[in-house]
Protein chains: 2
Amino acid sequence: MKSTPKAVNLAKDIPYAARSCHTNPSVSCGDCRLGELCLPIALDSSEILRLDEIVKRGRALNKGDFLYREGEEFKSIFAIRSGSFKTFKTTHEGAEQVTGLFLPGEIMGMDGIGSNKHSGSAVALETGSFCEIPFHLLEELSTRIPSLQGRFFRLMGQEIVKDQQMLTLVSSNAAEERVASLLLSISKRNHRRKLSATHFRLPMTRAEIGSYLGVTLETVSRIFSRLQKQNVVKVDNKEIELVDIQALKRIAKVHED
Amino acid sequence: MKSTPKAVNLAKDIPYAARSCHTNPSVSCGDCRLGELCLPIALDSSEILRLDEIVKRGRALNKGDFLYREGEEFKSIFAIRSGSFKTFKTTHEGAEQVTGLFLPGEIMGMDGIGSNKHSGSAVALETGSFCEIPFHLLEELSTRIPSLQGRFFRLMGQEIVKDQQMLTLVSSNAAEERVASLLLSISKRNHRRKLSATHFRLPMTRAEIGSYLGVTLETVSRIFSRLQKQNVVKVDNKEIELVDIQALKRIAKVHED
DNA sequence: CGATAAGTTGAACTGGCTCAAGTCATGTGG
DNA sequence: CCACATGACTTGAGCCAGTTCAACTTATCG
């Protein structure tokens with residue numbers, strides 16, 4: 001069964017500059033420069049075409065728009081194309097507990113796979129776009145493309161490890177270590193996307209960061225001020241510069257990398 | 001392609017009492033009474049036979065024995081047959097951070113799928129046994145049995161949700177809520193296995209519980225004493241009786257179930 | 001039975017929280 | 001395009017839940 005050449009032709013008709021821009025909503029998986037972070041990695045070109053057929057590409061969202069809501073039926077997973085997103089749950093007391101930060105190339109929505117219901121909500125932190133992949137189609141395609149199944153198993157495995165790292169961070173480390181770790185995490189993920197590892201804009205507010213890290217917003221603010229006083233980072237509201245990454249790693253108690 | 005009848009014959013030759021006992025190491029997946037919690041659920045009987053062929057069944061371990069170690073190559077996932085296990089990581093400072101508690105019917109080792117290396121270690125908390133499922137065989141079989149693929153996706157999804165719940169618990173709740181939640185979690189899991197939901201033995205020490213919940217062992221001890229004084233639980237060392245589950249749920253701030 | 005690990009309880013200390021009062025950024029409507 | 005409202009952020013002061021340290025009791029097991 002040959003796949004339709006539609007996506008290829010489309011890509012061929014678009015000038016290269018536009019094609020290579022991942023913010024262009026019509027760019028297909030094979031041409032998306034986030035492909036190497038996202039699902040297509042580990043697939044050969046004919047497989048990517050088949051994946052392309054089930055992907056709903058490039059829908060746009062504004063800040064505050066929901067990708068899905070807690071309790072909603074799980075239908076799709078979402079690949080972030082541009083912008084940034086957070087996931088959160090609403091606690092018994094009605095407070096918001098941030099459970100994840102997602103940047104371009106990362107996959108959201110896997111929290112719905114286990115029970116067919118999303119266990120949390122996902123909203124855009126700024127203007128952004130994403131690809132939607134209906135899960136039943138992905139499952140079906142995965143039985144026919146073993147490397148896709150393997151890729152997705154691995155992706156879910158990484159999500160598990162990521163969540164456990166977060167758990168370890170929050171349950172055993174001091175507030176300063178948690179903040180330092182978050183900064184290093186964002187830095188590393190930017191680096192993977194060929195963006196600056198030392199200058200970036202925090203997509204979350206102090207309150208969101210605090211919720212994510214299990215501290216209050218005041219503590220986050222105080223830690224930023226302290227790290228700035230120690231010349232480890234420069235903080236200008238949401239604009240961050242990592243001045244001394246080694247010192248930051250020491251504070252985060254990270255030795256590897 | 002018919003599967004070998006070996007496992008079936010084996011089961012047929014064993015008296016029912018032995019067959020139905022999940023601690024009997026030779027019981028096959030189709031006869032294991034943990035099957036409904038474990039991988040076989042969602043498979044029909046011929047599919048279970050094919051699964052049976054790749055499962056290494058019923059190996060036994062003593063307290064303190066390792067199932068796998070942090071950093072080790074990932075080869076298999078493990079289904080707990082009897083006993084209880086913990087997973088943990090060793091932090092930079094050499095301290096042990098408990099990341100999970102596993103009871104019969106539950107699957108361990110999924111932390112290795114993402115990177116082909118186990119991100120933590122797993123040890124037996126008491127005498128126990130398990131089934132080992134080589135992951136490459138499971139993957140291969142999953143491409144041929146869609147319902148097995150689906151089952152495993154769902155299992156990984158549940159692991160993700162479980163880890164996120166733990167994160168939420170640790171990052172937003174008071175120590176007493178965390179302890180209460182752990183007791184309720186064990187109670188619920190016992191209930192699923194048709195064991196007492198109100199009387200059980202804690203498989204972990206106070207130090208392990210504390211590490212898992214992100215508090216000190218002294219705090220765990222004090223909370224047990226306090227809950228006992230309030231007639232919510234009865235604590236006799238590791239032996240626990242849940243006296244007033246409703247009160248415990250109120251303390252844990254759980255409203256559903 | 002004795003050694004060692006596990007658990008309890010008390011007392012003092014402290015990191016992060018709460019509450020409060022302010023400044024700064026952002027964006028919306030007049 | 002400015003003014004003003006609202007949300008985001010900072011900083012200070014006092015407080016408290018949980019930690020730390022310590023002394024002791026109780027289990028467990030070779």
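Chain letters run A, B, ... following the sequence lines, proteins first, then strands; residues in each count from 1.
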Where does the chain A footprint on DNA chain D start and end, counting 5' to 3' with a 4.0 Å heavy-atom cut-off?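 First and last nucleotides in contact are D:dC9 to D:dA13.
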Can you list, in residue-number order, the parts of residues 86-98 of chain B that come under 4.0 Å of DNA chain C, counting heavy atoms only?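 None, since no heavy atom is under 4.0 Å.
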Can you confirm whether B:K117 is buried at NZ, in the sense that more than 12 heavy atoms of other residues, nucleotides or ligands lie under 6.0 Å from that atom?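 No.
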Any chance CZ of A:R226 has more than 12 other-residue heavy atoms, nucleotides or ligands included, within less than 6.0 Å?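 Atom CZ in A:R226 is packed in, count exceeds 12.
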Got a second to check how far [X]'s [atom1] is from [Y]'s [atom2], nearest 0.5 Å?
X      : Y      : atom1 : atom2 : result
B:L213 : B:L169 : CG    : CG    : 6.5 Å
B:D163 : B:T99  : CG    : OG1   : 8.0 Å
A:L103 : A:S82  : CG    : OG    : 11.5 Å

For [X], which residues count as a side chain to side chain donor-acceptor pair (under 3.5 Å) partner, sequence neighbours excluded?
X      : answer
A:E106 : A:R189
B:S211 : none
A:Q228 : none
B:R201 : B:E239

Between A:S115 and B:Q158: side-chain donor-acceptor atoms closer than 3.5 Å: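 No.
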When you compare the side chains of B:E126 and B:S84, does any donor N or O come within less than 3.5 Å of an acceptor on the partner?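 Present: a donor and an acceptor within the cut-off.
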Secondary-structure string, 5' to 3', Watson-Crick or G-U under 3.5 Å, | for another-strand partners, for DNA chain D: ||||||||||||||||||||||||||||||
Look only at the side chain of A:R178 and the backbone of A:V170, and say whether a donor-acceptor pair between them is shorter than 3.5 Å.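 Checked: pair present.
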Ring pair (Phe, Tyr, Trp, His ring centres under 6.0 Å) pairs, two or more places apart, involving residues 178-206 of chain A: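 Those involving residues 178-206 of chain A do not exist here.
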With sequence neighbours left out, write down each residue that passes side chain to side chain contact (heavy atoms under 4.5 Å, CB included) with B:S119, or none if nothing qualifies.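 B:S119: side chain to side chain contact (heavy atoms under 4.5 Å, CB included) contacts with A:V161, A:Q164, B:K89, B:D111.
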In residues 223-235 of chain A, which ones come under 4.0 Å of DNA chain D, going by heavy atoms?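 Close to the strand are A:S225.
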Not counting sequence neighbours, which residues clear ring-ring contact (aromatic ring centres under 6.0 Å, His included) with A:Y68? List them please.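 By the ring-ring contact (aromatic ring centres under 6.0 Å, His included) rule, A:Y68 matches A:F78, A:H118.
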Let me know the distance between CG of A:L217 and P of C:dG16, rounded to the nearest Å.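 My rounded result for the distance is 15 Å.
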The contact string for nucleotides 18-26 of chain C, one letter per nucleotide 5' to 3', using protein heavy atoms under 4.0 Å with B, S and - for base, sugar-phosphate only and none, comes out as BB-----S-
